[in-house]
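Here the structure comes first, spelled out in C-alpha cells, and everything after it is commentary.
Note that this is a predicted model, so its numbers are computed, not measured.
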Amino acid sequence: GADCEGANFYGANCKDADFRCTNLEGANFIGADCEGANFYDANCKDADFYDANCENGNFMGADCEGANFRNANCKDADFKNANLEGANFIGADCQNANFIGANLRYANFNGANCQNANFYRADCKNASFISSNCKGADLEGANLQGADFIGADCRYADFQSANCKDADFYNANLEDADFNGANCKA
C-alpha cells in the first residue's frame, strides 16, 4: 500500500476510495466524504475522522488505535477484527455497524448511536457507553469487563455469555435485555 502518513484529506471527496493496506497514520479526514471507502487492513492509527461520512466504509482488520470518529457517520460501517483501542466515537452514528471481534478496549462511545450494532465477541474492556443508544445491540460473548453503560439505552440488547464483570449499568434502561449466561459478578 501507499504511504500517506499525516496526509490531509480535510473535506475531501473520498467516496468509494481504495485505501487498502495504506499507511494513513495521523491522516486528517475531518469532514471528508468516505462513504463506501475501503480501509481494509490500513494503518489508521491516530487518524482524525471527526464529522466524516464513513457510512458503509470497510475498516476490516484496520489498525485504528486512538483514531477519532467523533460525530462521524459510521452507519453500516464494517470494523470486523479492527484494532480500535482508545478510539473516540463520542456522538457518532454507529447504527448497524459491525464490530465483530474488534479490539475496543478503552474506546469511547459516549452519546453514540449504536442501535442494532454488532459487538459479537468484541473486546470492550473498560470501554465507555455513557448515555449511548445501544437498543437492540448484539454484545453476545463480548468482553465488557469494567465497561461503563451509565444512563445507556440497552433495551432489547443481547448480552448473552458476555463478561460483564465490574461493568456499570447504573440508570441504564435494560428492558428486555438478555443476560442469559453472562458473567455479571462484581
Side-chain angles (χ1 to χ4, degrees), residues 1-124 127-129 131-139 142 152-153 157:
D3 186 358
C4 297
E5 184 172 349
N8 187 1
F9 297 96
Y10 180 89
N13 180 359
C14 300
K15 195 171 186 175
D16 298 317
D18 189 352
F19 293 107
R20 282 178 296 175
C21 303
T22 301
N23 179 13
L24 295 162
E25 186 169 350
N28 179 356
F29 287 93
I30 294 175
D33 185 359
C34 299
E35 184 175 351
N38 189 353
F39 294 91
Y40 177 84
D41 221 17
N43 176 7
C44 297
K45 270 185 173 178
D46 299 316
D48 195 346
F49 292 91
Y50 175 81
D51 210 27
N53 179 14
C54 299
E55 188 168 354
N56 291 310
N58 179 5
F59 292 85
M60 282 179 55
D63 186 354
C64 300
E65 184 176 346
N68 182 21
F69 291 92
R70 186 178 183 129
N71 295 336
N73 176 7
C74 297
K75 274 184 182 173
D76 300 302
D78 194 348
F79 294 95
K80 183 177 182 180
N81 297 322
N83 178 16
L84 294 155
E85 185 166 346
N88 179 359
F89 286 91
I90 292 175
D93 189 349
C94 299
Q95 188 171 352
N96 300 312
N98 180 6
F99 295 98
I100 293 176
N103 175 8
L104 292 162
R105 287 176 173 238
Y106 301 98
N108 190 336
F109 288 90
N110 292 351
N113 179 10
C114 298
Q115 186 168 352
N116 298 318
N118 193 342
F119 294 92
Y120 178 78
R121 295 196 177 221
D123 187 354
C124 302
S128 185
F129 294 87
S131 299
S132 63
N133 177 6
C134 295
K135 188 176 179 183
D138 184 354
L139 295 126
D153 183 353

- Message: Check this for me: does any side-chain nitrogen of one of Lys80 and Asp78 sit under 4.0 Å from a carboxylate oxygen of the other?
- Response: no
- Query: For the side chain of Asp46 and the backbone of Asp48, is there at least one donor-acceptor N/O pair under 3.5 Å apart?
  - Reply: no
- Query: Distance from Cys124 atom SG to Phe99 atom CZ, nearest 0.5 Å?
  - Reply: 9.0 Å
- Message: Quick check: Phe19 with Phe59 (ring centres under 6.0 Å apart)?
- Response: no
- Any idea which heavy atoms bring Leu24 and Ala47 closest together, and the distance? O-CB, 3.9 Å
- Check against side-chain contact (heavy atoms from CB on, under 4.5 Å), Asn88 and Phe109: CA-CA 7 Å; Asn88 179 359; Phe109 288 90; over 6 Å; no
- Message: On a heavy-atom basis, which atom in Ala117 and which in Cys94 lie closest, and how many Å separate them?
- Response: CB-O, 3.7 Å
- Calculate, to the nearest 0.5 Å, the distance between atoms CG and CD belonging to Asn23 and Glu5 respectively. 5.0 Å
- Item | Expected output: side-chain Asn96 to main-chain Asn98 donor-acceptor under 3.5 Å | no
- Item | Residue pairs involving residues 105-118 (criterion salt bridge (Lys or Arg N to Asp or Glu O under 4.0 Å); sequence neighbours excluded) | Arg105-Asp123
- Task: Kindly give the heavy-atom pair with the smallest separation between Cys54 and Phe49, and that separation in Å.
- Result: SG-CD2, 3.8 Å
- Query: Cut-off 3.5 Å, side chains only: do Asn113 and Asn133 have a donor facing an acceptor?
  - Reply: yes
- Query: Where do Ala107 and Leu84 come nearest, in terms of heavy atoms and distance?
  - Reply: CB-O, 3.9 Å
- Message: Please tell me whether Asp33 and Asn53 have a donor and an acceptor in their side chains that are separated by less than 3.5 angstrom.
- Response: yes
- How many angstroms lie between CG in Asp63 and CG in Asp41, if you round to the nearest 0.5 Å? 9.5 Å
- Message: Can you confirm whether or not the ring centre of Phe39 sits under 6.0 Å from the ring centre of Phe79?
- Response: no
- Lys45 backbone acceptor or donor facing Asn43 side chain under 3.5 Å: yes
- Task: List the steps and the verdict of side-chain hydrogen bond (donor to acceptor under 3.5 Å, both in side chains) for Asn83 and Asn103.
- Result: CA-CA 5 Å; Asn83 178 16; Asn103 175 8; 3.1 Å; yes
- Message: Are Phe29 and Phe69, when compared by the centres of their aromatic rings, separated by less than 6.0 Å?
- Response: no
- Contacts satisfying salt bridge (Lys or Arg N to Asp or Glu O under 4.0 Å) that involve residues 106-120 (not counting sequence neighbours) are none
- Message: For the aromatic rings, using the six-membered ring if either is Trp, is the centroid distance between Phe129 and Phe119 under 6.0 Å?
- Response: yes
- Item | Rounded distance [0.5 Å steps], SG in Cys34 versus CG in Asn56 | 12.5 Å
- Interatomic spacing from CG in Leu104 to CD in Glu85 - rounded to 0.5 Å: 9.5 Å
- Atom pair OH (Tyr10) and CD1 (Ile30), whose distance is rounded to the nearest 0.5 Å: 6.5 Å
